[in-house]
Amino acid sequence: MTHLDIAAAPGRGDRVTDVTELVERAARLLPEQAPLQTFVHHNTLHAFEHLPFDEAVVSAARVFGTEPFQSEAAFRDHVGSGRIRPSDIDAVAEAEAPGGAPIVPGGPTRARFLALRLRNLFEIPSGAALDWLLLETDARTRLSDLLDPRRRAELLAQAGRDWTTTPEQTARASQARLLDTLWNGLAAAAPTVPGAGAPPARGRDRILAETGTDTDELVHPLLIRLSAAFLDQGIAYWPMPERELGFLRAFRRLYGQAGGPPDRFLRGLGTELRRQEAEGWTAERTVVWALDELAVPEEARGAAIETTLLSLRGWAGMMRQFEHRPDLAPVEARAARLLDYLAVQLVLDVQAARHVMRNHPGGPATADRTTVRPGLELVYEAFVLAQLMPVDVTVLARPEHAAAWLGAVVACDETERRRLLHLAYERRHRVGALDALDAHRRFTAGAEAPPVTMQAVFCIDEREESLRRHLEEHFPQARTYGYAGFFGVAMTYLGTGEVRPRPLCPVVVTPTHLVVEEPAESRTVSRTPRQPGSRHGRGGLSLGLAVGSRTLARGSVISLGLGATQVVTLVGRCLFPRRFHRWSRRLDHDPGGGAVTRLAIERAPGAVETEDGLRRGYSVPEMVQVVSSALRTTGLGRELAPVVLIVGHGSSSLNNPHESAHDCGATGGGRGGPNARAFAAMANHPGVRAGLRDLGLDIPDGTWFVGAYHNTCDDSMTYYDEDLVPERSRHAVEEAKRIMARACVLDAHERCRRFESAPLDLPLDAALAHVESHTVDLGQPRPEYGHATNAIGVVGRRSRTRGLFLDRRAFLVSYDPEGDPSGDLLTNLLLAAGPVCAGINLEYYFSYVDPAGYGCGTKLPHNIVGLLGVMDGHASDLRTGLPWQMVEIHEPVRLLLVVETEPERLAAIVGAHAVLERLVTKGWIQLVAWSPSSDAMHVFERGGFVPYVPEGEALPTVHRSAQFYAGRREHLGFAHVTASLGTGSGERVSPELVGEEAS
């Protein structure tokens, strides 16, 4: 077949095959990213989790055309900088090929070959560049410039030994003869390079090969507009008509009208669509008809459907999300079906193919798919390596030895080298982290903890690591704990002023409780609440102005009337962002914002389920279960202080489409303040405390829980229900707030070292102002770096890591193994925290190694579409993953999860739960068991735990964290910080260090 016979092929729309199954199979490859408002970190390659990690990333790279690891150039830099050490390379090479005989007589073993190859990363020219190098230079007859003096001398000695020289035959001639013999021997044994293989299944690819015209350039712009209009969440001025009928039928009604669309390639489409609509064609029948029209063979239909959907996988994935998770729609769910989307795309593909083939009836001949040339690139690489490695090159003149040498080179191709270098890269990080944990254990052995006067429970988020560290440095009598940031309160939440409730829990959990924030009945502030319709009216006015500004008539009036005001606003936001933000907040103050509210946390007697099947509030026994689980798991219940802060977190920033990606992953991409507030209300409930006493958990009458919210972008704190604090606890609560405020100043100062906009000598009292400016700056693409430093997870007692500088890189999960004899608490903890931390880590990994293929590239051309996601410019695929400005400082290593438990128990927990077994045994995370009885560590490798032997590097010791990070922007190592290990009445940061703003 020289070209597609499309126009004359009769449709066979009555033959519906297993299209639905093929679409379901292809759908597993689509992104699972929800709309921006509910952005949740997840494993980008969820469809490949059944494969080992290194196999999965390579397989996915073939499917998506993406990168599996960092580039070889990046790894070359890591080797040169010492980030990857020779010992790491040697260890990885030995693990890959232990023992073994030499590859060729007198040559290196496979392990030695791998180690030397990874140390020598040189460019291998290809195509015309290699032809020029071989024909126009003396590369074939001159020793490589990469040789060290010792190896150069060895080769010259070989040349002199094998060829007798005379005065007329110089050493240069002997060298040339030696290398020529080497080249000819390798070239004779080299395999040929295969051609392009079988023709592609998708019609677009065959047409492109035959005519040079890409039909996607005709189809995709229209399909993007249609998809955006159909899924739009109220942003479009003109809504797509009849979209309640579904994507396919709305498309038929719109483009099947008489007269037809103006695009030349769509001529005749209206007639076809009217026929399909009149005959009642389903999406399945339409897909079968289109595949027949495109001459796709029966056996290739699965591949054709897959590649068609992946051609705009962002939009296809969003259609899939609306089909299966309509509850995540920002405003209103649409009647979306992936089959409808595929049918529309294939109908447009048929139209485009007919149009192109009418204009290219013959087309050029198909490219020859047979063998095209010998593997000169392979020969050149083997030629250089034979010079670099300890081998007698004359041995390679024999065909069997040359073939063996070439085989070793082929087996260590670029992908394999990058895989091995990635393992070495991760090994250096793993050794550094485990050695630091072991050294810190020995450093703190025998130290007595100061008496506890304040406790704070934070999310396990690695961004809270620095805040916890500074809190303990500043006030050693504080104890901090890490617990998944929904605090066990898996709820659907509806706050005052919110349009619809949303789940606040891990994505793997389905909430069954609804918690509503309501105005307090008995206590309000003196200000008068805003009338119910006022907020709605103001929103309507804002929407009217926004929509009207985009129309011709009203836009002109609005521009003339409000133009000057908008100029002032723009100048203020760009030049004086922090000052303008504070001024606008005062101007925009909501009179009802001071109304006292309460969470309707306790279920009323006789309450019925909502329409969504949710139970309104919690019963007292359910609340007892939530609180007791947290107290037992973290060990918090062993010794309760007068004040216990429960600190949720989230992030707020201006002009940041991916704002929710900075929020709490444990709340499904929401903000953890409501969860913290709900937990505190439960723990303060008299009935709950009585129920806890029955379980052996006694909360003293003098202990009060306070819910709080930490904004990780501007390091501000919000406290809830302060009016409920009893008189006996007021002073302690105020003191806790004051201490936390100082810790936030220190935390902001440490964060600023990663911002290029902040000088490295930034005064401490200017840190909060700097991060607040970042938060509200209209032109700031980096309001915060989010999880960009995540690399480690530690599940265990805080005493294991207290006083250890972890550089904001560790998820810290509090777990007391002494209070968990059965292991049930650890099981539940790992099932909740494991997938969340792994999802965060893996999304950052993939968005870094391929910012364009897996991430969404740079923010600069991003355009928000329909409250769904971002496009590049006015029309592109819906970009998924993370923007470069969120990941640029990330180190792409798999999460190193260290769990304080015996290896036998951890192995049993992993083996009993498929989600954990898949993550661990397939290598998506690295797992370490840290024995609480012997302090020995065991690393999970090749199906089991093996003892870890520390390499024993000493750690630096500093009094405060600032002494270690000051003046440095790069990733830092580990250090002992002694301030948090002190005893006594609690340290206070001096006024010279903190400044007046710390008070």
Side-chain angles (χ1 to χ4, degrees), residues 44 53-54 57-58 60-62 64-93 96 113-133 137 139 144-148 375-385 387-389 408-429 756 788-789 791 842 844-858 881-894 969-971:
T44 307
F53 174 81
D54 49 0
V57 295
V58 174
R62 288 194 292 265
F64 300 129
T66 48
E67 297 295 335
F69 308 102
Q70 293 183 73
S71 68
E72 193 166 82
F75 282 125
R76 187 187 305 123
D77 292 340
H78 294 318
V79 172
S81 68
R83 173 60 179 78
I84 298 176
R85 300 182 185 178
S87 59
D88 300 320
I89 291 176
D90 291 341
V92 167
E96 284 293 314
F113 177 91
L114 292 176
L116 291 173
R117 183 65 183 96
L118 299 181
R119 283 183 172 86
N120 293 277
L121 302 173
F122 55 90
E123 183 178 355
I124 304 169
S126 61
L130 180 57
D131 291 339
W132 179 87
L133 183 71
T137 73
S144 172
D145 295 334
L146 301 174
L147 298 179
D148 58 49
L376 291 181
E377 290 84 359
L378 172 62
V379 174
Y380 177 80
E381 182 182 358
F383 176 72
V384 175
L385 290 175
Q387 300 176 57
L388 291 172
M389 294 192 182
V409 175
V410 168
C412 192
D413 62 5
E414 182 185 359
T415 299
E416 177 68 2
R417 293 194 298 272
R418 291 163 68 186
R419 182 184 75 85
L420 296 175
L421 286 165
H422 175 75
L423 294 177
Y425 183 78
E426 286 186 328
R427 182 185 184 276
R428 178 46 37 201
H429 171 261
E756 293 289 344
T789 52
L842 291 168
Y844 271 82
Y845 173 93
F846 290 113
S847 293
Y848 182 91
V849 298
D850 195 334
Y854 290 130
C856 59
T858 177
L882 303 174
W884 179 246
Q885 287 80 2
M886 282 179 65
V887 303
E888 59 186 330
I889 66 170
H890 184 60
E891 276 196 335
V893 295
R894 287 171 292 174
R969 294 203 192 277
E970 72 278 8
H971 288 298

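- The two residues Leu421 and Ile84 make their nearest non-hydrogen contact at O-CD1, 3.7 Å.
- Using a 4.0 Å cut-off between a side-chain N of Lys or Arg and a carboxylate O of Asp or Glu, Arg419 and Asp413 do not qualify as a salt bridge.
- Contact annotation: the side chain of Val409 approaches that of Phe113 to within less than 4.5 Å [non-hydrogen atoms, C-beta and beyond].
- Gln70 contributes no side-chain N or O that, together with a main-chain N or O of Val849, makes up a donor-acceptor pair within less than 3.5 Å.
- Scanning both residues, Met389 and Leu116, for their nearest heavy atoms gives CE-CB, 3.8 Å.
- His422 and Phe69 have tilted rings, their planes meeting at an angle from 30° to 60° on a 0 to 90° scale.
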Evaluate the criterion salt bridge (Lys or Arg N to Asp or Glu O under 4.0 Å) for residue pair Glu414 and Arg417; output intermediate values, then yes/no.
CA-CA 5 Å; Glu414 182 185 359; Arg417 293 194 298 272; 5.2 Å; no
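- In this structure, Tyr425 and Phe75 have perpendicular ring planes: the angle between them is above 60°, well past the 30° mark.
- Across every non-hydrogen atom of Pro68 and Val57, the tightest pair is CB-O, 3.6 Å.
- Contact detail for Ala788 and Ile889: the closest heavy-atom pair is CB-CG1, 3.8 Å.
- Rounded to the nearest 0.5 angstrom, Arg85 CZ and Asp88 CG are separated by 7.0 Å.
- A cation-pi contact, defined as under 6.0 Å to the ring centre and within 45° of the axis, links Arg117 to Phe122.
- Other residues, nucleotides and ligands contribute only 12 or fewer heavy atoms inside 6.0 Å of the CD atom of Glu123.
- The shortest non-hydrogen separation linking Glu377 to Leu130 is N-CD2, 3.6 Å.
- In summary, the side chains of Ser847 and Tyr854 do not present any donor paired with an acceptor at a separation below 3.5 Å, with no hydrogens or angles considered.
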